[in-house]
Amino acid sequence: MSGVIITSELIAQRVGKVLRERYGHIRHAAKRLARRTQADPRAVQNWMDGVNAPHAAHLVRLMAECDELAAEINAMVREASCPEA
């Protein structure tokens, strides 16, 4: 028996949910996160909307910026792990 199958769509949904919860109330959140993560503001808005998942370098920068996102990604890693035999 294996863990959860991780897809780009699942990552996009979960990253978006965390970013909306953490930054959704902040004015110009996408622009602010774009500056902090060296990403395009439109890309960040797509992440926040759950449309696209960030590429690895941006994901790492987001995780460094947002402890809640780091915790969510770590939870996904645990969910995807195969159980010990």
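The figures here come from the full heavy-atom set of this structure, side chains too, leaving out hydrogens, waters and symmetry mates.
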(request) Give the intermediate values and the outcome of side-chain contact (heavy atoms from CB on, under 4.5 Å) for residues Q38 and R61. (result) CA-CA 8 Å; Q38 302 170 357; R61 290 183 196 123; 3.4 Å; yes
How long is the straight-line distance from [atom2] of [Y] back to [atom1] of [X], given to the nearest 0.5 Å?
{"X": "E72", "Y": "K17", "atom1": "CD", "atom2": "NZ", "answer": "7.0 Å"}
{"X": "L62", "Y": "I73", "atom1": "CG", "atom2": "CD1", "answer": "9.0 Å"}
{"X": "I11", "Y": "N52", "atom1": "CD1", "atom2": "CG", "answer": "12.0 Å"}
{"X": "H55", "Y": "L59", "atom1": "NE2", "atom2": "CG", "answer": "11.0 Å"}

Of the non-hydrogen atoms in [X] and [Y], which two are nearest, and what is the gap between them?
{"X": "M48", "Y": "R20", "result": "O-NH1, 2.6 Å"}
{"X": "T37", "Y": "H58", "result": "O-CD2, 3.3 Å"}
{"X": "Y23", "Y": "A29", "result": "O-CB, 3.2 Å"}
{"X": "W47", "Y": "A39", "result": "CH2-CB, 3.5 Å"}
{"X": "R78", "Y": "A71", "result": "NH2-O, 4.5 Å"}
{"X": "R22", "Y": "C66", "result": "CG-SG, 3.9 Å"}

(message) For R42, is there any backbone N or O sitting under 3.5 Å from a side-chain donor or acceptor partner on D40?
(response)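 Answer holds: yes.
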(message) Salt bridge check, R14 against E79: does any charged N sit closer than 4.0 Å to a carboxylate O?
(response) yes
(message) Are I26 and V18 connected into the same hydrophobic cluster when the rule is that any two of I, L, V, M, F, W, Y join if their side-chain heavy atoms are below 4.5 Å apart?
(response)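 Same cluster.
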(request) Report whether L19 and I6 are members of the same hydrophobic cluster (ILVMFWY, side-chain heavy atoms less than 4.5 Å apart, transitive linking). (result)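 Yes: a chain of side-chain contacts under 4.5 Å links L19 to I6.
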(message) I'd like to know whether R32 forms a side-chain contact (heavy atoms from CB on, under 4.5 Å) with V44, so could you lay out the CA-CA distance, the side-chain angles of the two residues, the decisive distance to 0.1 Å, and finally the verdict.
(response) CA-CA 9 Å; R32 291 179 186 196; V44 176; over 6 Å; no
